[in-house]
Amino acid sequence: MLLKSVEYVRPDSVAQAIEILNSNEGAALLAGGQSLVNILKHRVASVDVLVDIATLEELRFVESRPDGSIEIGACITYDELDHSELIHSSHEMIAWVASHIEDQQIRNRGTIGGNCCLSDPTNNFPPLLVAMDATMNIQSSSGMRQVRAEEFFKGYLMTAIQPGEILKSITVPPVPADVGIGYVSLSVGEDSKAIVRSSAWVKLNGVVQEARVVLARVSPIPVRYQPMEEALRGSSATPEDIARAASVIGSDFEPVADSHGSSEYRREMARVVAKRAVLEAVEKVRGEGGSK
Ligand SMILES: Cc1cc2nc3c(=O)[nH]c(=O)nc-3n(C[C@H](O)[C@H](O)[C@H](O)COP(=O)(O)OP(=O)(O)OC[C@H]3O[C@@H](n4cnc5c(N)ncnc54)[C@H](O)[C@@H]3O)c2cc1C
């Protein structure tokens, strides 16, 4: 289906983009357009004005901060993440995830901000950013506000972004030597939509000091599975410890079912991917991990 005729504007600044959003209820931000244009073509939603922010310099930067965290502008594409030396040297997993999103065309246009603001449960970045405890920096006409990634995703295609607001950037904390990050998906095909996915952040110093285990595709938004995190804390993180910790998954939640998997299947696979994600994170700290 062809796109309906729609007004298109390219503002000069984030402030101007916000002004347009505030003066026109039917205006919507356009970043990479990889999801929004399809949504409009399929008439699932309609907009009066597309406000193209993809080339705004204010949204296109990757910078390190003195504490070792990095700030990524919302309109940085997956391909740019994959080719950023800074990201590779300090936050390798972000580059790895970016490089595994669908195909080169999508990676050339799709942005990390659009990936998060869409809040599609199959999208790759939301679970990783929750596991890494990222902060979403949101701009409106009244200034900036910060929302933790864990609080940002509100539901299927719903986020903390309010009318008149723009996600300006994402701040990701440093990854010290005693922290490992794992990311494992069970997909329909290689580099394709996940049936179930897990990302784990583990701080290990002989024993597990702290862990964040995030499950995706078992609910409309990425969820931290705290019973598993608690079961890991203080353990020596042997493969047996990790398998035991993962076995607590599922007694208290009902994953969504769809054509790719029943609730029961997803619950079983959630245990498997969470176990593998934690194992991968632990192996990285111990220097046994691969290139991811
Ligand atoms: C065939 C195909 C396969 C795909 N496979 C995958 C996959 O395997 N994994 C994956 O993660 N993704 C996948 N995608 C989705 C792709 O990653 C999109 O790029 C992403 O979902 C949206 O990013 P975008 O920059 O294109 O945003 P757009 O499509 O331009 O926008 C998406 C939504 O976010 C809003 N928005 C965008 N930027 C901002 C901002 N800075 N502030 C506030 N709101 C904003 C827009 O208004 C819109 O509502 C696929 C897409 C296609 C077409």
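Positions are given from 1, in the same order as the sequence printed here. Worth knowing before you read on, the calculation uses all heavy atoms, side chains too, and leaves out hydrogens, waters and symmetry mates. Atoms within each ligand, like the ligands themselves, are counted from 1 in listed order.
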> Where does D120 meet ligand 1, judged by heavy-atom distances below 4.0 Å: at the side chain, the backbone, both, or neither?
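No part of D120 is near ligand 1 at this cut-off.
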> For I138 and ligand 1, answer yes if some heavy atom of the residue is under 4.0 Å from a ligand atom, otherwise no.
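No; I138 lies far enough from ligand 1 that no heavy-atom distance drops under 4.0 Å.
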> Would you tell me which option among E102, R109, M136, H100 has the nearest heavy-atom contact to atom 5 (N) of ligand 1?
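Looking at heavy atoms only, E102 sits closest to atom 5 (N) of ligand 1.
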> Backbone N or O of A131 within a donor-acceptor pair of the R212 side chain at under 3.5 Å?
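It does hold such a pair.
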> Check ligand 1 against N38 and write out every atom of the ligand that is under 4.0 Å from a heavy-atom position of the residue.
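The atoms of ligand 1 under 4.0 Å from a heavy atom of N38 are 53 (C).
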> Between L36 and ligand 1, does any nitrogen or oxygen pair lie at a separation below 3.5 Å?
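So ligand 1 has an N or O lying under 3.5 Å from an N or O of L36.
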> Within ligand 1, which atoms have a heavy atom of N124 less than 4.0 Å away?
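In order of number, 7 (C), 8 (O), 9 (N), 10 (C), 11 (O).
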> In this structure, which one of R276, H100, R197 forms a side-chain hydrogen bond (donor to acceptor under 3.5 Å, both in side chains) with Y183?
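Answer after filtering R276, H100, R197: R197.
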> Give the atoms of ligand 1, by number and element, whose distance to some non-hydrogen atom of A74 is under 4.0 Å.
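Every atom of ligand 1 under 4.0 Å from some heavy atom of A74: 41 (N).
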> Examine ligand 1 and decide if any of its atoms is less than 4.0 Å from a heavy atom belonging to F125.
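Contact absent.
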> Could you tell me which atoms of ligand 1, counted from 1 in the order shown, lie closer than 4.0 angstrom to a heavy atom of I101?
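Going through ligand 1 atom by atom, the ones under 4.0 Å from I101 are 7 (C), 9 (N), 10 (C), 11 (O), 12 (N).
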> Please say whether more than 12 non-hydrogen atoms of neighbouring residues, nucleotides or ligands are located less than 6.0 Å from OH in Y156.
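Not more than 12 within 6.0 Å, no.
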> Mind checking whether L29 has an N or O less than 3.5 Å away from an N or O of ligand 1?
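N/O-N/O distance under 3.5 Å: yes.
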> Could you tell me, atom by atom, which parts of ligand 1 come under 4.0 Å of a heavy atom of C117?
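The atoms of ligand 1 under 4.0 Å from a heavy atom of C117 are 34 (O), 35 (C), 36 (N), 39 (C), 40 (C), 42 (N), 43 (C), 44 (N), 45 (C).
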> Taking both backbone and side-chain atoms of A31, is any N or O found less than 3.5 Å from an N or O belonging to ligand 1?
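A31 vs ligand 1: N/O contact under 3.5 Å present.
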> So for ligand 1, is G32 a polar contact partner (N or O within less than 3.5 Å, distance only)?
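Yes; at least one N/O pair falls below 3.5 Å.
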> Using modelled atom types and a 3.5 Å cut-off, is there a donor and acceptor pairing between side-chain atoms of D241 and backbone atoms of T238?
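Yes.
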> On a heavy-atom basis, I'd like to know which of T122, T111, T77 is closest to atom 25 (O) of ligand 1.
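Comparing heavy atoms across T122, T111, T77, the nearest one to atom 25 (O) of ligand 1 lies in T111.
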> Determine whether the side chain, the backbone, both or neither of V37 has a heavy atom under 4.0 Å from any heavy atom of ligand 1.
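Answer for V37: neither.
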> So, R267 and E254, do they make that salt bridge, N to O below 4.0 Å?
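Judged by the 4.0 Å cut-off on N to carboxylate O distance, R267 and E254 do form a salt bridge.
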> Could you tell me whether the side chain of N123 and the main chain of N115 form a donor-acceptor pair under 3.5 Å?
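Yes; judged by distance alone, with no hydrogens or angles, the pair exists.
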> For atom 30 (O) of ligand 1, which candidate among G33, G114, A28 holds the nearest heavy atom?
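The residue whose heavy atom sits nearest atom 30 (O) of ligand 1 is G33.
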> Among R107, R60, R109, which residue satisfies the salt bridge (charged side-chain N to carboxylate O under 4.0 Å, His left out) criterion with E80?
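Result: among R107, R60, R109, R60 is the only option passing the salt bridge (charged side-chain N to carboxylate O under 4.0 Å, His left out) with E80.
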> Could you check whether R224 pairs with D133 (Lys NZ or Arg NE/NH1/NH2 to Asp/Glu carboxylate O, under 4.0 Å)?
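Salt bridge absent between R224 and D133.
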> Using the salt bridge (charged side-chain N to carboxylate O under 4.0 Å, His left out) rule, pick out the option among K284, R286, K203 that qualifies with D178.
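Of K284, R286, K203, salt bridge (charged side-chain N to carboxylate O under 4.0 Å, His left out) with D178 is met by K203 alone.
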> Report yes if I166 has an N/O atom closer than 3.5 Å to an N/O atom of ligand 1; otherwise report no.
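Such a contact does not occur with ligand 1.
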> Taking N or O atoms only and a 3.5 Å limit, does N115 qualify as a polar contact for ligand 1?
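It does: an N or O of N115 is found under 3.5 Å from an N or O of ligand 1.
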> Look at the side chain of Q139 and the backbone N and O of K168, then say whether any donor-acceptor pair between them is shorter than 3.5 Å.
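No.
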> Any donor-acceptor pair under 3.5 Å linking the side chain of D103 with the backbone of I106?
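Yes, the answer is positive, given that a donor and an acceptor are paired below the 3.5 Å cut-off.
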> Which bit of L59 is near ligand 1, meaning a heavy atom under 4.0 Å away: side chain, backbone, both or neither?
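None of L59 does.
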> Measuring from atom 18 (C) of ligand 1, which candidate in S35, A54, A17, G110 has the nearest non-hydrogen atom?
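It is S35 that holds the nearest heavy atom.
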> Between E165 and Q162 (side chain of the first, backbone of the second, donor and acceptor by atom type, cut-off under 3.5 Å), is there such a pair?
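Yes; at least one donor-acceptor contact below 3.5 Å.
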